[in-house]
Asks: 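Below is the structure I would like to discuss, written out as structure tokens.
In each ligand, atom 1 is the first atom listed, and ligand 1 is the first ligand listed. Since the model is a prediction, treat every value here as computed from it, not as a measurement.
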Amino acid sequence: MNAKNIPPKIVVVGSCNTDLIIRTDRFPAPGETILGGTSIMEPGGKGANQAITAARLGGSVTLVSKIGYDLFGLQAMELYRNENICTKHVITDVSNPTGLAMISVNSLGENYIIVAPGANSTLSPADVAAAEDSIKEADILIVQLEIPLDTVEEAIRIAIKHNVRVVMKPAPAPLSLSDAIISRLFAILPNRVEAEQLSGIEITDNRSAKAAAEVISRRGVENVIITLGGGGVYVKSGDNYASIPAREVDVVDTTGAGDVFCGAFCMQISLGYTIMEAVVYANAAASLSVSRLGAQQSIPRRLEVDMTM
Ligand code: RIB
């Protein structure tokens with residue numbers, strides 16, 4: 001709760017998928033079949049993962065997204081409703097299936113993800129414009145890049161028009177993202193691969209992370225927060241720099257950790273915490289999520305994160 005004891009309002013414009021996850025000792029080579037281990041099937045998608053994180057941490061969350069007219073879409077809707085997420089802007093596309101993510105997780109907790117966007121690819125600027133009333137009331141708008149870029153741009157345009165702060169998780173790693181978009185963001189939260197893509201700098205240590213953060217920041221965004229997995233988090237906020245170490249944890253599955261970080265960061269910012277305080281809390285939430293298998297089923301609730309602080 002904020003000073004007025006009202007839950008922050010978070011709007012997420014983004015993807016929802018069904019995740020098919022298989023654990024494996026190692027990834028197969030091209031043409032090779034290997035036997036994996038545990039498997040799970042659950043709703044996922046970067047947008048939905050971020051929405052569920054914010055909801056589990058106490059936010060009043062609206063998801064703007066698209067599902068297919070199929071069992072996966074129904075399963076996702078049921079979950080969102082159970083999490084008290086407002087689904088009035090989750091649209092059903094009768095012509096395309098719900099997005100699907102094939103995920104392999106190796107014994108180090110690393111993953112490979114292939115996404116078939118399905119209905120996500122038809123979430124249009126008009127669909128987002130229909131959610132303007134929700135976006136204009138938000139404390140923060142969260143966007144990512146698993147939906148068409150012109151739809152992301154429309155969401156940002158509406159948010160800026162109403163003085164709503166926008167936070168972007170630039171995933172999947174963007175091949176190109178214009179300065180016109182980046183300069184409208186309150187914060188950008190790339191992981192290592194995404195930060196390398198955005199900056200053109202290979203990140204191997206704090207020095208290169210700082211250089212990458214500076215290049216991205218020069219493109220017009222004040223807060224650049226690079227999540228580096230076991231390397232912790234590198235933060236550039238205006239003229240302030242910090243490297244926050246990763247928490248000691250037995251890593252089971254890193255899938256969705258960046259989404260948990262993003263949802264938790266936005267919640268804490270909406271509650272009035274500073275950038276550094278929000279990063280520390282988001283780091284704690286993400287480290288809980290990597291200690292369990294799956295994306296959405298591993299997202300912690302507020303009390304659990306608070307107990308680790
Ligand atoms: O960030 C993790 C997510 O990426 C998974 O849930 C999967 O659906 C893909 O969108």
Asks: Looking only at protein heavy atoms, which one is nearest to atom 4 (O) of ligand 1, and what is the separation?
Replies: Lys46 NZ, 3.0 Å
Asks: Looking at Asn106 and Leu108, would you say the former's side chain and the latter's main chain have a donor-acceptor pair under 3.5 Å?
Replies: yes
Asks: Without swapping roles, check the side chain of Arg192 against the backbone of Ile203 for a donor-acceptor pair under 3.5 Å.
Replies: yes
Asks: With only distance considered, is Asn17 within less than 3.5 Å of ligand 1 through an N or O on each side?
Replies: yes
Asks: Between Asn17 and Asn120, do the side chains contain a donor N or O and an acceptor N or O under 3.5 Å apart?
Replies: yes
Asks: Taking the six-membered ring of Tyr241 as reference, does the NZ or CZ atom of Lys210 fall below 6.0 Å from its centre and within a 45° cone about the axis?
Replies: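 Yes, a cation-pi geometry.
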Asks: Contact between Ser15 and ligand 1, counting heavy atoms under 4.0 Å?
Replies: no
Asks: Within the structure, does Val115 bring an N/O atom to less than 3.5 angstrom of an N/O atom in ligand 1?
Replies: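 No.
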Asks: Can you tell me which residue and heavy atom of the protein come closest to atom 6 (O) of ligand 1, and the distance to 0.1 Å?
Replies: Asp19 OD2, 2.6 Å
Asks: Does ligand 1 have any atom that is closer than 4.0 Å to a heavy atom of Gly258?
Replies: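 It does not; every heavy atom stays at 4.0 Å or beyond.
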Asks: Considering heavy atoms of the protein only, find what lies nearest to atom 10 (O) of ligand 1 and give residue, atom and distance to 0.1 Å.
Replies: Glu146 OE2, 2.6 Å
Asks: What part of Gln296 sits under 4.0 Å from ligand 1 if we count only heavy atoms: the side chain, the backbone, both or neither?
Replies: neither
Asks: Which atoms of ligand 1 are found less than 4.0 Å from any heavy atom of Asp259?
Replies: 1 (O), 2 (C), 3 (C)
Asks: In terms of residue, atom name and distance, what is the protein heavy atom nearest to atom 3 (C) of ligand 1?
Replies: Asn49 ND2, 3.6 Å
Asks: What I want to check is whether the side chains of Thr122 and Asn96 have a donor and an acceptor closer together than 3.5 Å.
Replies: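 No, no side-chain donor-acceptor pair sits under 3.5 Å.
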Asks: Assess, by modelled atom type and distance only, whether the side chains of Thr274 and Glu277 contain a donor and an acceptor separated by less than 3.5 Å.
Replies: yes
